[in-house]
Amino acid sequence: MSFLDGLNDAQRQAVDHLSGPLLVVAGAGSGKTRALTHRIAHLISHHCVDPANILAVTFTNKAAREMKERLEILLARKIAFDQFAQPYSTLEMGKQRELRTRIYREITKELWIGTFHALFSRLLRFDIDKFVDTEGLSWTRQFSIYDEKDAQNLIKEIVTQDLQLDPKRFEPKKIRWAISNAKNQGWMPEKLEVESEGHRGKLIAKVYRLYRKSLAANNALDFDDLLLIPVQLLQQNEQIRGYWHNRFKHLLVDEYQDTNRTQYELIRLLSTNNLQPSLFKSWDNRSIFVVGDADQSIYSFRAADFTILMDFQNDFGDKKSDKITKTMVKLEENYRSTATILEAANSLISNNTERIDKVLKATRGEGSLIHLTRCDDEIAEAEAVTHRLKNLQRTNPELNWRDITILYRTNAQSRSLEDSLVRWGIPYVVVGGLRFYDRREIKDILAYLKLLINPADTVSLLRIINTPRRGIGKTTIQRLTDAANQLSIPLWDIVSDHEAVRTLGGRSAKGLLQFCELITSLKEQLKNSKPHVLIQDVIERSGYLNELISDATEESEERRRNLQELINAAIQHEEENDDGNIETFLATAALASDADEKDTSSNRITLMTLHSSKGLEFPVVCIVGMEQGLFPSYRSLDDSSSLEEERRLCYVGITRAKEQLFLFHASERRLWGGIREPALPSLFLSELPENLLKGDRPLSGGAALRKENRLERLTRIDRKESLEALAGGEQSLPANGLRKVHAGPSPGKSWAVGDQVIHANFGLGEITHTFGSGQKISIAVKFEGMGPKILDPRLAPIQPAGNI
DNA sequence: CTTCGTAAATTTTTT
DNA sequence: ATTTACGAAG
């Protein structure tokens, strides 16, 4: 029995790869996960590679878990066959369990499989104390991981307290985003300062510097640091780099098209020991194996860059042409979808210019046509989806709810769908949105744990110092914080200093002393208690549980259930990881995503964003909200490369479907509040072959859209001409007639696509879209040097540029 | 120090 | 429309 059995030629070539670089270009549904798991199993059992020498990067934690599970099954089957000469499933239960335990102990436990963030935070738990920072900052191995919210709060603090700036003008969210981008490029504050122009850019660099300092003071890292610090550490420390380079002889990266520069750098450092990949020659018993599909790259907003995949062969490879290369394999046979669905996907993606030429070849029958439904608004759309699915279930009794997914562009779209599904009694689960570990009560309890491990974590301390209430108020906290800042020591050092606390006197001192006692005694338990016991103690002894009980509202009931769930999660963590402790549990909690949590076993429809659907497949897929400005998003409409990314997202959505695909769009949609906005059918609908579609004629939509595009272009040209004409002293033309289509009869001013406007703060811009009409119009304007802004012309300080 | 009320912002996609 | 954030009163 071999792991090469039952594979096609290309898959076999990939799985059998032993040494050197290999790029596996794997189209949707071509069995790439199979190739990855089979290759790991093959390396271990056929090439006798030590599992500890393997590092495999997956895109989600869930994918990592599934890969480990599949590996265990594959290996169990082989061992059962080789040693007992019978199929694994016919072994008696006890034997099966024994075998699985053995495989876990000897193999899967030794493998490093996980996301970039999980793997490299693990590496930092070994070596971060040896990291030498250019600005003299340092961290210990007990570091906390801050989520996006924590990071933004820290930045808000810096903006308002340290720099005394208006957080409305300098939104913490935007600044965090700018800093995140810098980190993903590998830039330090100095570099950002040099690279950025203008006052604002320099200020952001300043915030960046203070933010790093603040993180270090808390002994904390943000998500980006989990990748950037390892890069810097591996660059600067030859010994540590050498150790990990020798350790990980076989690197595997899934979803390679969605890696960013920092992640690439990690891969390069580990595989070539910091050499230029083209100069690295010692590939004996060493490999770099990346799997991806440039057509499914959908994360450029977080600095993913699919040119890294496109350049792989130039970079690591033999630079030979596709036909004879040994460093690229293409998996083009699709085993997932019907021919109809594939043809639609191929046709759509052929509109993109930046890609590796690749066509998915169908291996399955034609299947049924793609169904398109036009609805009046988002409520009618939700009803239409529900009816469609009800009907489908009635006519196919063997179809389960879990076989169906509804995909949308933005999380906010789930609401109307949920309303409708509840009304019709259809079970569903929403993926995304609020993470389990982001719930307030969970974050509170985790903050206790973080503080126990990392006393420097002032963010966590401040979160819980008066939660539940202990009579420690704002003024007390301010005084303690001031003292800590003066002495440049962590807040906890002041709080735990009895002398210092006693000088405060009165009610707050009592509360503080009580709190200190609690933390100190919990700390003592840290060493000999299992995580779930410690969590239980925190919940009870902190008074958190009592407060929830005395509250006795429906909400507090829910919170209690969630805390019970947290204890269960800790127990599960202990069971699944021999070396599981509080630190590893906290790391798991910080890096888990909502999609990782959801159990797929229950029989319910899944609702999620198109982004979350990556890597999944369903017999029945519904995509809703196929409208211009929603999908593709309005932010992408005037930028061809982001429009191409939206198209890839649509390609991902379509290729999730195995049997049937249903598309929906509404001709009107309430976006926020009550404003109804007319919506045009998505450009992508007009890019699907007409003969594959049934239902509401897309042609009316597609054709109207094409006409609309032409109209916009005409308007733009006319506008220019009319300006020129005016300049030449001639009378203006029918451009106004055309423009009326877009602009309402608002008194005085009218706004139309293509118009130039002057904004008091942003300067000159051009209107790229209008939404709504009349008094309620809002406009999208592209200003120089920034993304499009959505403005309400009644409020925003803008003037038509023609009027000066 | 806490609670209650009003104001303001919110909607891209996420490890 | 719904949620979060801040400020005034208790």
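Just so you know, these numbers come straight off a predicted model, no measurement behind them. The figures here come from the full heavy-atom set of this structure, side chains too, leaving out hydrogens, waters and symmetry mates. To find a chain, count down the sequence lines: A is the first, B the second, and so on, and within it residues start at 1.
The CG atom of A:Asp419 sits 13 Å away from the P atom of C:dA1 (whole-angstrom rounding). The CG atom of A:Leu643 sits 17 Å away from the P atom of B:dT12 (whole-angstrom rounding). Atoms NZ (A:Lys174) and C1' (B:dA9) sit 12 Å apart, rounded to a whole Å. Atom pair A:Phe301:CZ and B:dT12:P shows a separation of 11 Å (rounding to whole Å applied). Rounded to whole Å, the distance from OH on A:Tyr408 to P on B:dT11 is 15 Å. Atom CD in A:Gln152 sits roughly 14 Å away from atom P in C:dT4 (whole-Å rounding). What separates NZ of A:Lys173 from C1' of B:dT10 is a distance of 8 Å, to the nearest Å. Atom P of nucleotide B:dT14 and atom CD1 of A:Ile298 are separated by 9 Å, given to the nearest angstrom.
Within 4.0 Å of A:Leu630, counting heavy atoms only, lies no atom of the nucleic acid at all. Within the nucleic acid shown, A:Asp224 has no heavy atom closer than 4.0 Å to any nucleic acid atom. At the heavy-atom level, A:Glu645 lies nowhere under 4.0 Å from the strands shown. A:Lys62 comes within contact range of no nucleotide atom at all, as no heavy-atom separation falls under 4.0 Å.
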Next item on the list: Go through the steps for A:Gln478 and A:Asp482 under the test side-chain hydrogen bond (donor to acceptor under 3.5 Å, both in side chains), then give the verdict.
Entry: CA-CA 6 Å; A:Gln478 193 56 56; A:Asp482 287 346; 3.1 Å; yes
Margin query: What verdict does the side-chain contact (heavy atoms from CB on, under 4.5 Å) test give for A:Ser641 and A:Glu354, after you've listed the backbone C-alpha separation in whole Å, the side-chain angles of each residue and the deciding distance to 0.1 Å?
Written below: CA-CA 8 Å; A:Ser641 70; A:Glu354 299 177 282; 4.1 Å; yes
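Looking at the side chain of A:Tyr634, the nearest of the listed nucleotides B:dT10, B:dT12, B:dT14 is B:dT12. Closest to the side chain of A:Asn411, from the set B:dT2, B:dT12, B:dT14, is B:dT14. Here the side chain of A:Ser593 is nearest to one of B:dT14, B:dT12, B:dT15, namely B:dT15. When each of B:dT12, B:dT15, C:dC6 is scored by its nearest atom to the side-chain atoms of A:Phe223, the top-ranked nucleotide is B:dT15. Candidate nucleotides B:dT15, C:dA5, B:dT12 were compared by shortest atom distance to the side chain of A:Lys156, and C:dA5 ranks first. The side chain of A:Arg635 lies closest to B:dT11 when the candidates are B:dT15, B:dT11, B:dT13.
Nucleotides B:dT12 and C:dA5, compared at atom C1', are 24 Å apart to the nearest Å.
Looking at A:Glu687 and A:Arg647, a side-chain N of the basic residue comes within less than 4.0 Å of a carboxylate O on the acidic one, giving a salt bridge. Taking the charged nitrogens against the carboxylate oxygens, A:Glu646 and A:Arg635 have no contact shorter than 4.0 Å, which rules out a salt bridge.
Where A:Thr609 and A:Lys474 meet DNA chain B, the nucleotide closest to each residue was compared, and A:Lys474 sits on the side nearer the 5' end.
Between A:Arg409 and B:dT13, a side-chain N or O to OP1/OP2 separation shorter than 4.0 Å is absent. For A:Asn184, no side-chain nitrogen or oxygen approaches OP1 or OP2 of B:dT15 to under 4.0 Å. The phosphate of B:dT13 (OP1 or OP2) has no side-chain N or O of A:Ser633 nearer than 4.0 angstrom. A close approach under 4.0 Å does occur between a side-chain nitrogen or oxygen of A:Arg469 and OP1 or OP2 of B:dT3. Contact annotation: A:Thr115 does not reach the phosphate of B:dT15 (side-chain N/O to OP1 or OP2, under 4.0 Å). Side-chain nitrogen and oxygen atoms of A:Thr60 include none within less than 4.0 Å of the OP1 or OP2 phosphate oxygen of B:dT15.
For the 3.5 Å distance criterion, the side chains of A:Thr467 and A:Asp444 fail to qualify, holding no donor opposite an acceptor. Between the side chains of A:Asp419 and A:Ser416, no donor N or O sits under 3.5 Å from an acceptor N or O.
By the criterion of a centre-to-centre distance under 5.5 Å and near-parallel planes under 30°, the ring of A:Tyr299 forms no stack with the base of B:dT14.
Ring geometry, A:Tyr299 versus A:Phe59: the interplanar angle falls from 30° to 60°, so the pair is classed tilted.
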